[in-house]
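Input: a single structure, listed below in structure tokens.
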Amino acid sequence: VLFPQAHRMFAQSSRNSASPVLLLVLLGCVLCPSAQASKSSEDIRCKCICPPYRNISGHIYNKNVSQKDCNCLHVVEPMPVPGNDVEAYCLLCECKYEERSTTTIKVIIIIYLSVVGALLLYMAFLVLVDPLIRKPDPYTQPLHNEEDSEDTRSLAAVPTLAGARANTVLERVEGAQQRWKRQVQEQRKTVFDRHKMLS
Amino acid sequence: MDQKGYRRGSFQSATSDEDMLEIAGASVDFSVADDDPPLDREMGGFSSYNGGGMNGTSTMMDFLEEPLPGVGTYEDFNTIDWVREKSRDRDRHREITNRSKESTWALLHSVSDAFSGWLLMLLIGLLAGSLAGLIDISAHWMTDLKEGVCLAGFWFNHEHCCWKSNTTFTDRDKCPEWKSWSQLILGHGEGAFAYILNYFMYVIWALMFSLLAVLLVKGFAPYACGSGIPEIKTILSGFIIRGYLGKWTLVIKTITLVLAVSSGLSLGKEGPLVHVACCCGNILCHLFTKYRKNEAKRREVLSAAAAAGVSVAFGAPIGGVLFSLEEVSYYFPLKTLWRSFFAALVAAFTLRSINPFGNSRLVLFYVEFHMPWHLLELVPFILLGIFGGLWGAFFIRSNIAWCRRRKTTRLGKYPVLEVFVVTAITAILAFPNEYTRMSTSELISELFNDCGILDSSKLCEYVNDFNSTKGDDLPDRAAGSGVYTAMWQLALALIMKVFITIFTFGMKVPSGLFIPSMAVGAIAGRLLGVAVEQLAFYHHDWAIFSGWCSQGADCITPGLYAMVGAAACLGGVTRMTVSLVVIMFELTGGLEYIVPLMAAAMTSKWVADAIGREGIYDAHIRLNGYPFLEAKEEFSHKTRAMDVMRPRKNDPPLTVITQDTMTVEDVETIVTSTTYSGYPVVVSRASQRLVGFVLRRDLIISIENARKKQDGIVSTSVVCFTDYCPPLPPSSPSVLKLRSILDLSPFTVTDETPMEIVVDIFRKLGLRQCLVTHNGKLLGIITKKDVLKHIAQMANQDPDSILFN
């Protein structure tokens with residue numbers, strides 16, 4: 001019972017090859033850097049904010065220390081007040097330990113930009129290149145045609161042709177892409193043209 | 001009508017409404033992405049049901065026992081049959097439990113089946129948390145990209161760029177690694193020309209981001225626009241919208257949400273995050289048969305996913321579960337409560353480990369003060385509640401009017417141009433005012449902040465008297481010039497946000513409503529808070545202040561007023577009650593402010609309800625005509641079932657199918673000549689005694705399949721819905737037995753049943769249709785759409801606005 005389910009899952013995922021792989025890559029890459037959060041020295045700091053005191057102006061001190069050393073005495077150097085005032089001054093200062101992961105940030109931004117870039121390229125491909133390389137066959141014409149009657153007539157033709165040579169990977173990918181394009185067109189009609197949803 | 005009904009897939013299951021023809025006719029071969037695989041593949045899969053070998057002579061018994069693939073699935077834009085789905089799940093569970101006693105493998109299977117729900121929740125939490133982390137980090141970076149770029153690594157936003165370097169106390173933003181655009185291009189950041197260049201770059205970036213967002217939405221996933229919560233509410237009540245929670249919608253929504261938020265538009269990301277989380281839930285459901293095949297179980301998972309979505313948006317797991325319970329879900333069994341909480345916790349934990357904000361907080365505007373408040377301050381809090389209610393009602397009315405205009409007039413034909421114009425106006429108006437230039441989350445965070453000695457922003461520029469400074473506690477002080485400047489700038493920002501959000505919400509980019517309403521409330525609250533604070537400072541000898549607010553004491557916290565204002569406005573718009581208070585108290589981390597928050601939330605809900613009954617999401621559901629049967633409203637009219645049922649007095653009689661006297665051709669004629677989604681089966685036309693109910697889709701699939709696969713089924717074959725079919729002479733063609741697709745227990749009411757009971761039955765059981773009998777004989781049928789139209793008619797609304805089935 002488990003295996004046909006897995007088989008169907010893989011068959012389905014190979015059909016629309018782009019998106020689930022994208023999701024898994026996204027998930028893996030996002031979780032991996034945060035999992036191995038190696039604390040490189042530039043990713044931790046202790047930040048002490050000291051307000052204006054008497055005639056000394058306010059100052060912010062950053063230092064790269066561990067959490068137990070994150071207090072005013074270790075971080076505020078050079079101490080602007082003489083020895084007996086240090087305690088009063090340090091009471092006013094607030095020290096916070098902060099850490100971040102630059103690797104996570106870098107990886108996420110690069111993933112995001114690459115996904116946006118890939119989508120833009122795909123959109124450019126669909127708009128510019130695809131109509132040129134696609135042979136103007138009668139069963140692809142209705143893709144550009146908005147009439148429903150043409151759609152159903154064409155779809156009666158598609159399964160018979162598709163059934164004959166649907167076995168190579170390329171043909172399956174193309175079939176999936178055609179289905180996806182039809183679906184997006186339907187959605188576009190519902191949302192943008194007929195305003196049936198999401199107005 | 002032509003043979004359309006029998007084409008591969010063009011199933012028209014509409015009721016007799018003309019619009020539905022177009023939609024149903026085009027939702028062709030079930031391969032509409034994620035939910036059902038296409039029928040032609042399934043026919044190949046049918047052979048694996050019969051154990052390999054596709055032989056045409058499948059026996060009658062095989063045909064009866066194995067359900068055909070496709071039978072029991074639903075058309076796009078139709079309502080599911082909750083009763084059937086729930087009983088199917090119980091059957092499946094019973095079978096697994098019975099078989100588990102047989103072998104160890106079956107026992108393991110039953111354990112894994114029980115465990116699969118929890119595993120699914122874990123995966124949903126992980127995926128939702130990761131996506132939320134991605135969205136947060138990218139949005140943060142891209143928002144700052146409008147102002148400048150980091151030379152130490154272009155992927156750092158402003159705050160992270162200046163993390164390592166030493167900033168001064170007064171100018172915490174300036175550091176050498178961060179260059180604004182004018183500094184980069186011109187070499188210096190001062191002067192009028194630099195300002196104009198910054199302005200120009202800001203507007204250009206904003207336009208680029210929003211144009212990219214709307215083009216991606218239009219090109220790849222048109223369902224990814226808007227907030228998503230009204231549609232998810234409808235889906236959770238049983239409606240099917242194929243593709244709405246699919247892979248492409250997920251990818252595009254995530255990407256364009258970041259773009260839309262970064263472009264400076266007045267929208268938030270909380271509502272779309274719920275949609276993103278539900279997409280994750282729907283996609284991960286496909287890994288588990290238990291949830292993939294059963295629409296009712298899937299909706300339980302979607303409820304939990306919605307809770308996870310709100311949990312990562314606000315860092316509030318409990319608030320997320322309550323939001324899912326109160327706002328989004330329709331049926332919320334107790335089992336879902338525990339699982340939703342688990343999913344929300346896992347999501348929050350995942351987000352926390354990604355640590356988008358660098359301080360282990362999940363939200364930018366986490367509040368950390370715990371100053372006490374006085375009972376007399378309830379008066380301004382209630383005033384804020386009234387403001388929130390008024391603003392909520394005003395916003396809903398104007399936004400619905402604008403959206404209706406977009407739906408019906410030519411404005412709706414230019415979505416890309418509309419986004420361009422709105423972004424241009426927003427960016428041009430936002431740049432000069434520093435409080436609108438910063439991102440809305442940062443604005444809220446600054447407004448929630450209580451001013452201490454460590455703050456040096458303009459809003460905290462009070463006149464300091466150092467002699468009376470005792471440690472960290474600052475007394476109420478007179479406002480300095482900085483505060484006055486901030487006040488009028490904030491007032492301008494308030495006016496701008498109030499008006500621009502009306503035009504932004506509902507555009508064809510992902511847009512949420514929580515953050516803009518919280519911003520409006522926070523600004524109003526802070527203004528009122530500073531006003532009360534100054535009043536208390538200058539007139540500390542008045543009777544109302546002298547008791548508790550002596551000179552030199554710190555009694556008024558304007559940050560608290562901002563928080564209460566934000567809660568009031570959010571409650572006024574969405575009409576959330578419990579979930580709002582819990583989200584706000586999880587944001588503050590303590591119970592001190594429960595009473596002010598509740599006072600403001602209740603006041604705003606009462607004021608807003610007095611003006612208009614619906615929250616923003618219900619208003620959008622009604623605007624779009626979704627078939628959503630409101631579960632909270634009482635039906636208080638004295639009509640009866642016979643007033644609502646079809647056929648009415650002058651209509652042709654009810655279309656029925658007899659149990660064993662009709663031929664295949666007769667049934668096909670009925671199915672093609674009418675557009676009903678189901679037909680009652682009676683004993684005979686004369687007696688009209690009810691046998692059961694059969695669905696149109698199941699009929700079409702079974703008859704098509706029988707014509708292809710079974711021997712001897714021709715147009716003159718008799719269709720038989722009973723166990724023991726009447727004997728026929730040997731020369732007649734073989735009988736088509738369709739008992740397996742007949743629902744033998746349709747719900748019936750008598751014609752004298754009051755409509756309030758009928759509406760209650762529809763709500764509680766999730767029915768799609770209900771048969772009406774009189775003296776035991778079948779008289780008519782009431783569908784959910786009839787019920788909705790009747791409710792709309794009784795409320796003097798337009799009954800024709802109910803569009804879908």
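Labels below follow one simple rule: chain letters A, B, ... track the order of the sequence lines, proteins then strands, and each chain is numbered from 1.
Within the 4.5 Å cutoff, side-chain heavy atoms of A:V191 are placed close to those of B:Y223. Using a 4.5 Å cut-off on side-chain heavy atoms (C-beta onward), B:F77 and A:T190 make contact. Residues B:V416 and A:F192 form no side-chain contact, since every pair of their non-hydrogen atoms from C-beta on lies 4.5 Å or further apart. Side-chain contact between A:T102 and B:H160 is absent, with no heavy atoms from C-beta onward closer than 4.5 Å. Annotation: side chain of B:V258 is not in contact with side chain of A:V116 (no heavy-atom distance under 4.5 Å). Under the 4.5 Å side-chain criterion, counting only non-hydrogen atoms from C-beta, A:M197 is in contact with B:Y626. Contact check for B:W248 versus A:Q183: no side-chain heavy atoms found under the 4.5 Å cut-off.
Note that CZ of A:R100 and CD of B:E159 are 9.0 Å apart. Values are rounded to the nearest 0.5 Å. In this structure, B:K164 NZ and A:N64 CG are separated by 4.5 Å, a value rounded to the nearest 0.5 Å. One distance of note links OG1 of B:T249 with CD of A:Q187; it measures 5.5 Å at 0.5 Å rounding. Considering NE2 of B:H140 and CD1 of A:I109, their distance stands at 11.0 Å, rounded to 0.5 Å. Taken to the nearest 0.5 Å, the OG1 atom of A:T104 stands 11.5 Å off from the CG atom of B:L134. Rounding to the nearest 0.5 angstrom, the gap separating the CD1 atom in A:I105 from the CD1 atom in B:I354 is 11.5 Å.
Proximity to chain B among residues 120-129 of chain A is limited to A:L120, A:Y122, A:M123, A:L126, judged by heavy-atom separations below 4.5 angstrom.
Counting all heavy atoms, side chain and backbone alike, B:W163 lies closest to A:E98 at CH2-O, 3.6 Å. In terms of heavy-atom proximity, A:L119 sits nearest to B:I252 at CD1-CD1, 3.9 Å.
For chain B, the option among A:H195, A:K47, A:R45, A:H59 with the highest count of heavy-atom pairs below 4.5 Å is A:R45. Put simply, of B:G506, B:C225, B:G226, the one with the most heavy-atom pairs under 4.5 Å next to chain A is B:C225. Most heavy-atom pairs under 4.5 Å with chain A, from the set B:G228, B:S138, B:C403: that is B:S138. Ranked by non-hydrogen atom pairs under 4.5 Å with chain A, the options B:G153, B:G219, B:A221, B:P230 are led by B:G219.
Taking A:R188 as the reference, nothing meets the salt bridge (charged side-chain N to carboxylate O under 4.0 Å, His left out) condition, with sequence neighbours excluded. Listed by chain and number, the residues in a salt bridge (charged side-chain N to carboxylate O under 4.0 Å, His left out) with B:K413 amount to none (sequence neighbours excluded). By the side-chain hydrogen bond (donor to acceptor under 3.5 Å, both in side chains) test, A:D69 is found to be paired with no residue, residues two or more places apart in sequence or in another chain being considered.
Residue B:F154 touches chain A through its side chain alone, counting heavy-atom pairs closer than 4.5 Å. Both the backbone and the side chain of B:I255 come within contact range of chain A, judged by heavy atoms closer than 4.5 Å. If you measure heavy-atom distances from B:S165 to chain A, the contacts under 4.5 Å come from the backbone alone. Both the backbone and the side chain of B:L259 come within contact range of chain A, each with at least one heavy atom under 4.5 Å from a heavy atom of that chain. With a 4.5 angstrom heavy-atom cutoff, B:M507 does not touch chain A via any of its atoms.
The number of heavy-atom neighbours closer than 6.0 Å to NZ of A:K106, taken from other residues, nucleotides and ligands shown, is 12 or below.
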